[in-house]
There are 2 protein chains.
Amino acid sequence: MSVRLKDLAKQTGYSISTISRALLGYSDVNPATRKKILEAAKRLDYYPSQIAKQLRSGRTRTIGFLIPTYGERFSDPFFIELLTGIGDMASLMDYDILVGTSGDGEKELEEYRRVVGGGRVEGLIITRTRIRDQRVSYLLKTHTPFILLGRVLDHKNVPYIDIDSRSGIKILTRHLIESGHRRIGFITTPDDLVFTKFRNQGYREALKEAGIPYDPDIVEIGNLTLESGKSLGLKLLSRKDRPTAIVAVNDLMALGTYGAAQQLGLTIGRDVSITGYDGISLSKNAHPPLTTIEVPIYEIGKQLFEMLYKLINHENLGESQILLPPKAVFRESVGSPA
Amino acid sequence: MSVRLKDLAKQTGYSISTISRALLGYSDVNPATRKKILEAAKRLDYYPSQIAKQLRSGRTRTIGFLIPTYGERFSDPFFIELLTGIGDMASLMDYDILVGTSGDGEKELEEYRRVVGGGRVEGLIITRTRIRDQRVSYLLKTHTPFILLGRVLDHKNVPYIDIDSRSGIKILTRHLIESGHRRIGFITTPDDLVFTKFRNQGYREALKEAGIPYDPDIVEIGNLTLESGKSLGLKLLSRKDRPTAIVAVNDLMALGTYGAAQQLGLTIGRDVSITGYDGISLSKNAHPPLTTIEVPIYEIGKQLFEMLYKLINHENLGESQILLPPKAVFRESVGSPA
DNA sequence: TAAGATTCCAAAAACGTTTTTGCTACATTG
DNA sequence: CAATGTAGCAAAAACGTTTTTGGAATCTTA
């Protein structure tokens, strides 16, 4: 068993309360006594029980982060970068992170209830916001602090960081149009995800402004993974009237489309142009480098934690809804059509 | 404030202990009373304080997982897959995961002391084991249950799961040799990492068995990232006596080398052959697909948790040191030299 | 009907802290 | 020298559970 205040009390002959106050540096303990106590603590390798501290103080110094395994986005490097960003900042502020995986539907909510209702966390960071997001409703109802990565549509005044992905996809699509493309495919996901909805809008708006009709035949719906991007890419690029360019809703699917194009013997940037979204490190090092929107996800992770910290500790949040402008990087995956 | 047993007691008129026993399903409470209590609990949205439970029971039902940010392996998809594997199994067994980022040196140990000494976790999963690993020594000293992903060399009898990466790299190198390569470069990392040490051995042994002298000039040392792979790949492939094949110590660096080769106008699989290690989903979908060792990291994550669970709960662990045979997948990134 | 058994519930202790309160011994002051 | 102040420590309460112990009321049995 580990050593507790009680043991230090026995060792030194002082009372538990004096030990505690000595360790915490209160002024009503004799410097000589404190020294003895500190030495004993060091000698016996005393570390205070975080659990007891938490119960007593009512503070857990822990935030929650549930990985939405629902919908398959396992191997997305995006998440680990985000998590390290959050973690590095949390560590700086002496906070811990409780991570879980959350299913979907009622099971998802149950997971949140257990963690939040059970008082294990002081706040949460929520990713992959959905159009009607039960998590947000629940957290609002229970007055639990949270920050979203991505917006929601059915509640105003909830704090978030998001990238204006409507504009982002619009810029990319427009870039394709300006490069001469008229037949531009789109690989996306079901639009219960908020960011998908915005990206879909961006795609359609860019087309509309250029006077190009929206053609549902060259819009495919997948699940954000490399594999999905590849199979949908194959589908699109095998058409006899295949598009000369493809906008993918994220980098992973774009890189999947790379695989499809290469399998079909098409040269990317010449036979077919491709764009992505996220700016994962692979996008830069793909061949050819991928035109995409660069999202500084590690930095965003840090900022998400900072905002949550302020919210939890009732500090002034400043801007609580941060919509970052997209940063497009134009690379060789886009060229003019033949 | 959230509703506690006390509140249920007030509401229903029963005592706290009866409420507790009713909720826990003990037999010495009248079915009618239990029903009333359960209803009240539901109505008032009662969720037990996990903290109090933990303090009382001495069990936290939480394991620790510290991401080693030291040494840059941020955007490695490997880690998020591992974490989801651990998380999914933990969720099944009603365990939570405390995630932190850990620096290096004394700071790293301090992080472990805080979490372990503070009694926040019942056990840990340790990744990226190092030759002389202070974490292992500490955990042994404090009798904290843990499972390693990867072996350590200075302690026998510590439980781990590892892949025999010496054999793995050996198979890949031999495959290159059998394809006709004699000049085979190696991109690796400093060998304080255990797995690097084994992989280095595998490389050298394969060369030796084929009677090829080890040439330090074509062995480069980096840091497991895509960028590092690219710059070292450039270095190797720009030599006038450039190797006809390159063994990279992980997929990310191999894919970085892809970028280098492509930048130099070399065709992979023809002008230069490349192998990786890990089998991340990108390896399959790269162009050309990468010859590598496939590591079922999600499954390993699940198994790691299972082992840790048994260790914590004093169940029979069975085999406590699991060395999985490498599973090589031979793909088009390897061809015969010109 | 008296004695023992059973049913249902409440009181209290314990987990390990922090904080409030108070006490004793000594020093300071007029 | 009596009154007041202060320094240094200890006792006890509290956070919210679970579990142990026990007690009153009812039921069973001879």
Side-chain angles (χ1 to χ4, degrees), chain A residues 1-38 40-41 44-62 94 96 114-122, chain B residues 1-38 40-41 44-62 94 96 114-122:
Chain A
M1 286 285 67
S2 50
V3 32
R4 309 288 70 184
L5 282 184
K6 188 174 35 172
D7 307 304
L8 291 185
K10 262 192 197 115
Q11 269 286 317
T12 60
Y14 293 101
S15 75
I16 289 183
S17 53
T18 298
I19 307 275
S20 173
R21 298 182 69 79
L23 293 175
L24 294 178
Y26 280 75
S27 67
D28 64 347
V29 23
N30 190 312
T33 340
R34 161 176 302 116
K35 199 169 159 218
K36 272 190 277 180
I37 291 175
L38 287 181
L44 299 189
D45 214 26
Y46 169 76
Y47 276 81
S49 156
Q50 297 299 326
I51 305 297
K53 262 181 135 93
Q54 288 177 18
L55 181 60
R56 166 66 218 210
S57 68
R59 304 279 316 253
T60 58
R61 292 196 86 82
T62 304
D94 239 340
D96 286 314
R114 203 178 58 81
V115 171
V116 171
R120 292 211 64 174
V121 301
E122 298 181 2
Chain B
M1 288 284 68
S2 49
V3 31
R4 308 289 72 186
L5 281 184
K6 189 174 35 174
D7 307 306
L8 291 185
K10 262 193 199 115
Q11 270 285 317
T12 61
Y14 293 101
S15 76
I16 288 183
S17 52
T18 298
I19 307 276
S20 173
R21 298 182 69 80
L23 293 175
L24 294 179
Y26 279 75
S27 66
D28 65 346
V29 22
N30 190 310
T33 355
R34 161 173 306 116
K35 197 163 162 225
K36 271 191 275 180
I37 292 176
L38 287 181
L44 299 189
D45 215 25
Y46 169 76
Y47 275 82
S49 157
Q50 298 298 328
I51 305 298
K53 262 182 135 93
Q54 288 177 18
L55 180 60
R56 165 66 217 210
S57 68
R59 305 278 317 253
T60 58
R61 292 197 85 83
T62 304
D94 238 340
D96 286 314
R114 202 178 57 80
V115 171
V116 171
R120 291 211 64 175
V121 301
E122 298 180 2

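Basis for what follows: all heavy atoms, side chains included, without hydrogens, waters or symmetry-related copies. Not measured: the values here are computed from a predicted model. Chain identifiers are assigned alphabetically (A, B, ...) following the order of the sequence lines, protein sequences preceding nucleic acid strands; residue numbering begins at 1 within each chain.
Distance, A/D28 CG to C/dT21 C1': 12 Å, rounded to whole Å. Note: CD1 (A/I51) to P (D/dT18) measures 15 Å, nearest angstrom. Between A/Y26 atom OH and C/dT18 atom C1' the separation is 7 Å, expressed in whole Å. Atom pair B/K53:NZ and C/dA14:C1' shows a separation of 17 Å (rounding to whole Å applied). We find that OH of B/Y14 is positioned 20 Å from C1' of D/dT18, with the value rounded to whole Å. One interatomic measurement links the two molecules: CG of A/L23 to P of C/dT18, which rounds to 8 Å at whole-angstrom precision. In this structure, B/Y46 places its OH atom 10 Å from P of D/dG16, rounding to the nearest Å. The distance between atom CG of A/L55 and atom P of C/dT17, rounded to the nearest whole Å, is 12 Å.
Closest-nucleotide positions on DNA chain D for B/S49 and B/R21 were compared, and the one nearer the 5' end corresponds to B/S49. Each of B/L24 and A/V29 was assigned the nucleotide of DNA chain D with the nearest heavy atom; the assignment lying further toward the 5' end belongs to A/V29. Mapping B/T18 and A/P48 onto DNA chain C by nearest heavy atom places B/T18 closer to the 5' end of the strand.
Taking the charged nitrogens against the carboxylate oxygens, A/R61 and A/D94 have no contact shorter than 4.0 Å, which rules out a salt bridge.
With A/T60 contributing its side chain and A/Q54 its backbone, the two residues share no donor-acceptor pair below 3.5 Å. Using modelled atom types, one side-chain atom of B/R4 and one backbone atom of B/Y47 make a donor-acceptor pair closer than 3.5 Å.
Across all strands, B/G13 comes closer than 4.0 Å only to sugar-phosphate atoms, never to a base (heavy-atom distances). Among the protein residues, B/T33 comes within range of the sugar-phosphate backbone only, with heavy atoms under 4.0 Å from sugar or phosphate atoms but none that close to a base.
For the pair B/V29 and B/R34, the minimum side-chain heavy-atom distance is below 4.5 Å. Taking 4.5 Å as the limit, some side-chain heavy atom of B/D28 sits within range of a side-chain heavy atom of B/R21. For the pair B/Y14/B/L8, no side-chain contact is recorded, criterion being any heavy-atom separation below 4.5 Å from C-beta on.
Atom-to-atom distance recorded for A/T62:OG1 and B/D96:CG is 10.5 Å, nearest 0.5 angstrom.
Comparing atom distances between the A/S17 side chain and each of C/dT18, D/dA12, D/dT17 picks out D/dA12 as nearest.
Between the two ends of the helix from C/dA5-D/dT26 to C/dG30-D/dC1, each summarised by a five-pair axis, the helix axis turns through 70° (rounded to 10 degrees).
Below the 3.5 angstrom threshold, one finds no donor paired with an acceptor across the side chain of A/R56 and the base of C/dT17.
OP1 or OP2 of C/dT17 has not a single side-chain nitrogen or oxygen of A/S20 nearer than 4.0 Å.
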